[in-house]
Each structure stands twice: as structure tokens, then as C-alpha cells.
Amino acid sequence: MALRTTLRAAALLPAFALVTAVAGCGGGGGGEAKGVPLVNEGQLTTCTNLPYEPFESREDGEVVGFDIDLIDLVAEDLGVEQQVTNIPFTTLQSGQALNVGNCDVAAAAITITDVRDENFDFSDPYFDATQALLAPEGSGLDSFAALDGKTLGYQKGTTGAEYAKERAEKNGVTLKQFADLGLLLQNMRTGKIDAVINDDFALIDFADQNQKFEVTKKLETSENYGFGVKTGNGELQSKINEVLAEAKQDGTYDRLYEKWFGHAPSEK
């Protein structure tokens, strides 16, 4: 795997100020590797949003996860290091960080949507997911009808947020917004909200580590994740697609999938 370095972003800064601050952290001047333009010489700069296990999380001061390992393959192919920085998800999904040149790649379990596709360019899909509900074990909170009179937490800027907003009012559900998955799940642990909506694999991972909670329902929204690049950066987009295709063909993708999810993709 390519070597990585990690930057800590000030999560409480406003999104615009944060993007400006991140720009100042890079080496500056830009560069190129194998015909692929890079925002910083000698490195592939990745923006992500922490925590979102098992796709990206911090472990012993280093950002690790399924997304990070896949982008490591791209960095390795280009002969550069991957540098990862943490920014708010809203800044990622809006395309701001990419299109002003703060990072080369957005890697944060980002569902491909028409709106986001207008903000930046996606790689080919690399992961299938759906929305799910998480609640205390035995709660019976397995639908929006069952959540009548309850409080449902969601992460700002996500497809889960949109799904919940479309259904909450008519089912008598109170919604509460959180900036990231870590805050969302912490409020679930402490009983400040009754249930959570988010992507299924992130909630499955949490439930596996916290036996008092369970995924009560998969909502079958048939979503696909993609990596983001700046609008018009066809060189990097093509390189990511090439590396993903090769990883799926030679078994590397399956090996990384099993590393982070505990089973092969076919056993989902």
C-alpha cells in the first residue's frame, strides 16, 4: 500500500473557513503523476469525513478504512503518497472542497445522486448500500409508522436525511440533525434519540460492536457509492476507474472487502 499522512481539520470551523484552512495545509503549487494533475506535488490528497466505520475512521492517529485502502491503490499506481484530511460531509457532497482545489479525491461512502453529480464528477460505482434504521434491541422500531411520537436522528447532508424528511411528518416522527455519524451514534447510546437512520453497513458495524442496539429494518433504497473528483478531471476519474476494475479482477477488492466487513461481497 502507498504510505499515508493524516491532517486533523478543525471540525467546528464554518465550512468555508475550513476549506480555506485546508488549502493552506497542502504543499501548494500542484503537480502531476502519470499524466494525472494533482493539487499537491508528490501526493494524492483525499478529503473524507470521520468517523464512518468501516469506510473511514481514526486508529492510533491514522485514518484507515475500506475507502482509504481503495484510494491507496490509486496512489500506489500513480507512485505518490496518499494524504488524508477530515472535513465536514456537507463540504464534501457540495463539491466545494474538490472544485476549489483543496483535494484530489472525495472518499467518504458518498452515494451517487443526480444533485451531487452536478457538483463534481463520480468514479464508477464501487459499493452497493441502502438505508437502514438502528434502535435499541427489542424496541420494535422497525418502520416510520412504529416511530410515531419518537425522535429519529439523521446525519446532515446525507441521503438518509432526505429519506427521513420525506416520511417523518406524516408518520408523527420528530427529526433531529447531527453533523456527523459519531455524534449521531453517541446520542443514540445516551438515549437522547430513539432511533437512527443511515447507510446500512455503517449501522451494522455499530450494532456488531454495541450489542444493546440492532438494525431493525433495511429500507432498500438501492444506493451506489462513488469516489468524487473535481468536475472535468477526467484523467483522475479514468485512473480511479482503471484501478477499481483491476482490483475487482485480480481479487484485491474482495480481499479488502473481507478485511473491513468480515465476509466476501457475495455474502452480503
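Position 1 is the first residue of the sequence, and the numbers go up from there. A quick note: this is a predicted structure, and the numbers were derived from the prediction, not measured. All values below come from the heavy atoms of this structure, side chains included, with hydrogens, waters and symmetry mates left out.
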Does a sphere of radius 6.0 Å around NZ in K156 hold more than 12 heavy atoms from other residues, nucleotides or ligands, not counting ones at 6.0 Å or beyond? no
Considering non-hydrogen atoms only, spot the tightest contact between T130 and S222 and give its length. OG1-N, 3.7 Å
Let me check something: any side-chain donor-acceptor pairs from residues 230-238 under 3.5 Å, sequence neighbours excluded? List them with distances.
| unit_1 | atom_1 | unit_2 | atom_2 | d |
| --- | --- | --- | --- | --- |
| T231 | OG1 | N119 | O | 3.4 |
| N233 | OD1 | L236 | N | 3.2 |
| Q237 | NE2 | F122 | O | 2.7 |
| S238 | OG | G234 | O | 2.9 |

Pairs under 3.5 angstrom only: tabulate donor-acceptor contacts from the side chains of residues 187-196 to other protein residues two or more places apart or in another chain.
| unit_1 | atom_1 | unit_2 | atom_2 | d |
| --- | --- | --- | --- | --- |
| N187 | ND2 | L183 | O | 2.8 |
| R189 | NH1 | Q186 | OE1 | 3.1 |
| T190 | OG1 | Q186 | O | 3.1 |
| T190 | OG1 | N187 | O | 3.4 |
| D194 | OD2 | T151 | N | 2.7 |

Could you see if W260 belongs to whatever hydrophobic cluster contains V74? Use Ile, Leu, Val, Met, Phe, Trp, Tyr and a side-chain cutoff under 4.5 Å. yes
Quick one: ring-ring contact (aromatic ring centres under 6.0 Å, His included) partners of F213, sequence neighbours excluded? F206
Could you tell me the separation between the OG atom of S139 and the NZ atom of K150, rounded to the nearest 0.5 Å? 8.5 Å
Contact summary for A202 and N198, nearest pair of heavy atoms: CB-OD1, 4.4 Å
Taking the side chain as every heavy atom from C-beta outward, state whether D205 and D208 have any pair of such atoms under 4.5 Å apart. no
D104 side chain to V39 backbone, donor-acceptor under 3.5 Å: yes
D60 and E62, any side-chain heavy atoms less than 4.5 Å apart: no
Quick check on the 6.0 Å ring-centre criterion: do Y126 and Y253 meet it? no
Determine, step by step, whether F127 and F261 satisfy the side chain to side chain contact (heavy atoms under 4.5 Å, CB included) criterion, reporting the C-alpha distance in whole Å, the side-chain angles of both residues, the deciding distance to 0.1 Å, and the verdict. CA-CA 12 Å; F127 194 87; F261 299 100; 3.6 Å; yes
Extract all donor-acceptor atom pairs below 3.5 Å that involve side chains of residues 164-173 and protein atoms in other chains or at least two apart in sequence.
| unit_1 | atom_1 | unit_2 | atom_2 | d |
| --- | --- | --- | --- | --- |
| R167 | NH1 | Y163 | O | 3.1 |
| N171 | ND2 | R167 | O | 2.8 |

Non-hydrogen atoms of I197 and L203 that approach each other most closely: C-CD1, 4.4 Å
Partner of N49 under side-chain contact (heavy atoms from CB on, under 4.5 Å), picked from T90, I87, N86, is N86
Got a sec, which residues hit side-chain contact (heavy atoms from CB on, under 4.5 Å) with T111, two or more places apart in sequence or on another chain? T113, R116, T159, D199, E223, Y225
Side chain of T216, backbone of L141: donor and acceptor closer than 3.5 Å? yes
Count the heavy atoms of every other residue, nucleotide or ligand shown that sit under 6.0 Å from NZ of K217, and state whether that count exceeds 12. no
Working to the nearest 0.5 angstrom, can you tell me the gap between D200 CG and L134 CG? 11.5 Å
Taking the six-membered ring where the residue is Trp, are the ring centres of F227 and F120 under 6.0 Å apart? no
T46 versus Q82, side-chain donor and acceptor atoms under 3.5 Å: yes
Crowding at NZ, K34 (>12 non-hydrogen neighbours, <6.0 Å): yes
Between D180 and P51, the two heavy atoms sitting closest are OD1-CD, 4.3 Å
Any side-chain to backbone donor/acceptor pair from E214 onto Q211? Under 3.5 Å, distance only. no
Drop me the distance from L50's CG to F89's CZ, to the nearest 0.5 angstrom. 12.5 Å
Take E220 and Q131 through the side chain to side chain contact (heavy atoms under 4.5 Å, CB included) test and state the conclusion after the steps. CA-CA 6 Å; E220 302 304 331; Q131 293 300 306; over 6 Å; no
List the atom of C103, the atom of L98, and the distance in Å for their closest heavy-atom pair. O-CD2, 3.6 Å
Quick check: are there more than 12 heavy atoms from other residues, nucleotides or ligands sitting under 6.0 Å from CD of E246? no
For Y52, the ring-ring contact (aromatic ring centres under 6.0 Å, His included) test, sequence neighbours excluded, returns none
What heavy-atom pair brings A109 and E56 nearest, and what distance separates the two atoms? N-OE2, 3.5 Å
